[in-house]
**Student:** 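Okay, handing you the structure first.
Convention: sequence-line order gives letters A, B, ...; per-chain numbering from 1. The basis for the numbers below is simple: all heavy atoms, side chains too, and nothing from hydrogens, waters or symmetry mates.
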2 protein chains.
Amino acid sequence: MTESTAAQRRQPRSRPETLAKRRDILDAAVEIFGSKGFAGGTLQEIADQVGMTHAGILHHFGSKDQLLLEVLSHRDETDVADLEEQHIPGGMALFRHLVRTAFVNAHRAGIVQAYVVLSAESVTDDHPGRVFFQKRYETLRGEVARAFEVVCAERGVAAPDTIELASASILAVMDGLQVQWLLDPAAVDLGRASEFAIEAIVDSVLSPSPSPLA
Amino acid sequence: MTESTAAQRRQPRSRPETLAKRRDILDAAVEIFGSKGFAGGTLQEIADQVGMTHAGILHHFGSKDQLLLEVLSHRDETDVADLEEQHIPGGMALFRHLVRTAFVNAHRAGIVQAYVVLSAESVTDDHPGRVFFQKRYETLRGEVARAFEVVCAERGVAAPDTIELASASILAVMDGLQVQWLLDPAAVDLGRASEFAIEAIVDSVLSPSPSPLA
DNA sequence: GTTAACTTACTATCAAGTAAGTAAGTAACG
DNA sequence: CGTTACTTACTTACTTGATAGTAAGTTAAC
């Protein structure tokens, strides 16, 4: 009946404000999930912050899980720390970029907290963010490893097999320092500590010393 | 009336089995909070695991928050990683101990996960475990810093001002590697990566090199 | 016989998700 | 150009289900 006509009917574009509204919701969700965790934060709280009901949010995102996933991928636009989509500095510039990021992050406690909380929470059973963080770390480790290879090639050093260990370690130390810094900002200098550790690890790859623990 | 007599009445000691039961509950709580988080885990699940109702658990611990706090302090008996109460190896032995711990932890995913999840969750607003983890990191950083000082003294090196940064970094890298390892055990060698990073950081304190990033 | 160690049963609360309705926008068509 | 046809962007109201905590009762140890 109307079927055939309906099929070829125009697709009435979503309103332009809708995109802005979605961004607002995502921003609010980062804040709430960051400050309360995913399990602890509620749609109601997010809705309150954007002046809506929680049903309105479900209208946009379908479910709380889906909202989280979109929050995580949305971050690229917000989080300076991310390398994946940006033009990636190669070689030694990447390590400098990571250090700079740590210094910048020291002024962005909200976003840092969101990532700390959500990444750790993602290791729990059936967490909707788990796959996201698995891929994220895999990608980031790959980027760092490639930077190491480039640097080794530049210096004519044979790329040692410590590169994988070092790549994971650099990301790890940045994350771990964030936890300590969030718990007690006065006790840990996020920027300087990250700088120190990254330098130590890079140095250890480029000019391995005999183990001091032996 | 009976008040005065009751006051001096024997305090009918808790049954010997009670202690064992409490331990069972704490063990189950570690597992549940570890696998679901504190906000995500429920008293019901914990109760199921020890063959009780959730009210029985509240009888022993009073509240969910209190249970968490007891879980966290109970850990000393279970978690090999902890240094606070054990006789602490000093100087270089401490770093060796940390490395050994990392290798051991690679076979204790359950407990590792509990600490990763709970420590990160503790940075959220009004989390009952926050103070615990603040103190814990403060103590651990102190232990590591003291080990650095001892080692520096042994070698006749002036203790550099990088010790604080290094102490936080060593704990950070261990924690951060745990997250990556839990997300993808095949991709990260928890023991070897921890060893590598700790050696790099210790080495960097003992014999500082000019910054490779400069 | 008192108290610890529970259970059962209940309460209060709060969560995500659904259903149905409404107002306003947008396109198609005559 | 304006009516019609339909969609988006919500709201209100509800359902369903779970959760921490409480109160009162029961059993058995000491």
**Student:** With the side chain of B/A55 defined as its heavy atoms from C-beta on, choose the nearest nucleotide among C/dA9, D/dA20, D/dT11.
**Tutor:**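 It is C/dA9.
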**Student:** Take atom CE of B/M52 and atom P of C/dT7, then tell me their distance rounded to the nearest Å.
**Tutor:**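 The distance from CE of B/M52 to P of C/dT7 comes to 6 Å, rounded to the nearest Å.
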**Student:** For the residue pair A/F33 and A/F38, does the interplanar ring angle fall in the parallel (under 30°), tilted (30 to 60°) or perpendicular (over 60°) class?
**Tutor:**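 Correct class here is perpendicular.
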**Student:** Nearest-Å distance, CD1 (B/I25) to P (C/dA5)?
**Tutor:**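 My rounded result for the distance is 10 Å.
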**Student:** Assess the residue pair B/Q180 and B/D184 against the criterion (side chain to side chain donor-acceptor pair (under 3.5 Å)); give the C-alpha distance rounded to whole Å, side-chain angles, the decisive distance to 0.1 Å, and a yes or no.
**Tutor:** CA-CA 6 Å; B/Q180 292 181 55; B/D184 193 349; over 6 Å; no
**Student:** Which of these nucleotides, C/dA4, D/dT12, C/dT8, is closest to any side-chain atom of B/T18?
**Tutor:**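 The nucleotide sitting nearest to the side chain is C/dA4.
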**Student:** For B/Y137 and B/D175, which I'm curious about, is there any donor-acceptor pair between the side chains at under 3.5 Å?
**Tutor:**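 Present: a donor and an acceptor within the cut-off.
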**Student:** Taking atom CD1 of B/I198 and atom CE of B/M174, what is their separation to the nearest 0.5 Å?
**Tutor:**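 It is 5.0 Å, given to the nearest 0.5 Å.
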**Student:** Using the side-chain heavy atoms of B/H59, tell me which of these nucleotides is nearest: D/dA20, D/dA23, C/dA4.
**Tutor:**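 Selected nucleotide: C/dA4.
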**Student:** Given atom CG of B/L19 and atom P of C/dA4, what is their separation to the nearest angstrom?
**Tutor:**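 Distance, rounded to whole Å: 15 Å.
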**Student:** Can you identify which nucleotide, out of C/dC6, C/dT18, C/dG17, has its nearest atom closest to the A/K64 side chain?
**Tutor:**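 Of all the options, the side chain of A/K64 is nearest to C/dG17.
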**Student:** Of all the nucleotides listed (D/dA13, C/dA16, D/dG21), which has the minimum atom distance to the side chain of B/S63?
**Tutor:**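 Selected nucleotide (nearest to the side chain): D/dG21.
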**Student:** Write down the distance between CD (B/Q44) and P (D/dA20), rounded to a whole number of angstrom.
**Tutor:**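 Those two atoms, CD and P, are 9 Å apart.
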**Student:** Using atom CD1 of B/I57 as one end and atom C1' of D/dG21 as the other, report the distance to the nearest whole Å.
**Tutor:**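 Rounded to the whole Å, the gap is 13 Å.
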**Student:** For the pair made of CG in A/L58 and P in D/dC14, what is the distance, rounded to whole Å?
**Tutor:**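 Those two atoms, CG and P, are 18 Å apart.
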**Student:** D/dG21 C1' sits how many Å from B/I46 CD1, rounded?
**Tutor:**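 Distance, rounded to whole Å: 15 Å.
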**Student:** A/H54 has a side chain; which of C/dG17, C/dC6, D/dT11 sits nearest to it?
**Tutor:**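 Nearest to the side-chain atoms of A/H54, counting from C-beta on, is C/dG17.
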**Student:** Which part of the nucleic acid does B/T53 contact within heavy-atom distance under 4.0 Å: base, sugar-phosphate only, or nothing?
**Tutor:**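 Base, at least one base heavy atom under 4.0 Å.
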**Student:** Could you work out which one of C/dT8, C/dA5, D/dC10 sits closest to the side chain of A/K21?
**Tutor:**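 Nearest nucleotide to the side chain: D/dC10.
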**Student:** ring-ring contact (aromatic ring centres under 6.0 Å, His included) between B/F133 and B/H127: does it pass, once the steps are laid out?
**Tutor:** CA-CA 10 Å; B/F133 281 107; B/H127 194 282; 7.9 Å; no
**Student:** Measuring from the side chain of B/H60 (C-beta onward, heavy atoms only), which nucleotide among C/dA5, D/dG21, D/dA13 has the closest atom?
**Tutor:**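 Closest nucleotide to the B/H60 side chain: C/dA5.
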**Student:** Within the structure shown, what part of the strands sits under 4.0 Å from A/G62 by heavy-atom distance: base, sugar-phosphate, or nothing?
**Tutor:**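 Answer is nothing: A/G62 stays at 4.0 Å or more from every strand.
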**Student:** Expressed in angstrom and rounded to an integer, what is the separation of A/Q66 atom CD from C/dA16 atom C1'?
**Tutor:**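 In whole Å, C/dA16 C1' lies 15 Å from A/Q66 CD.
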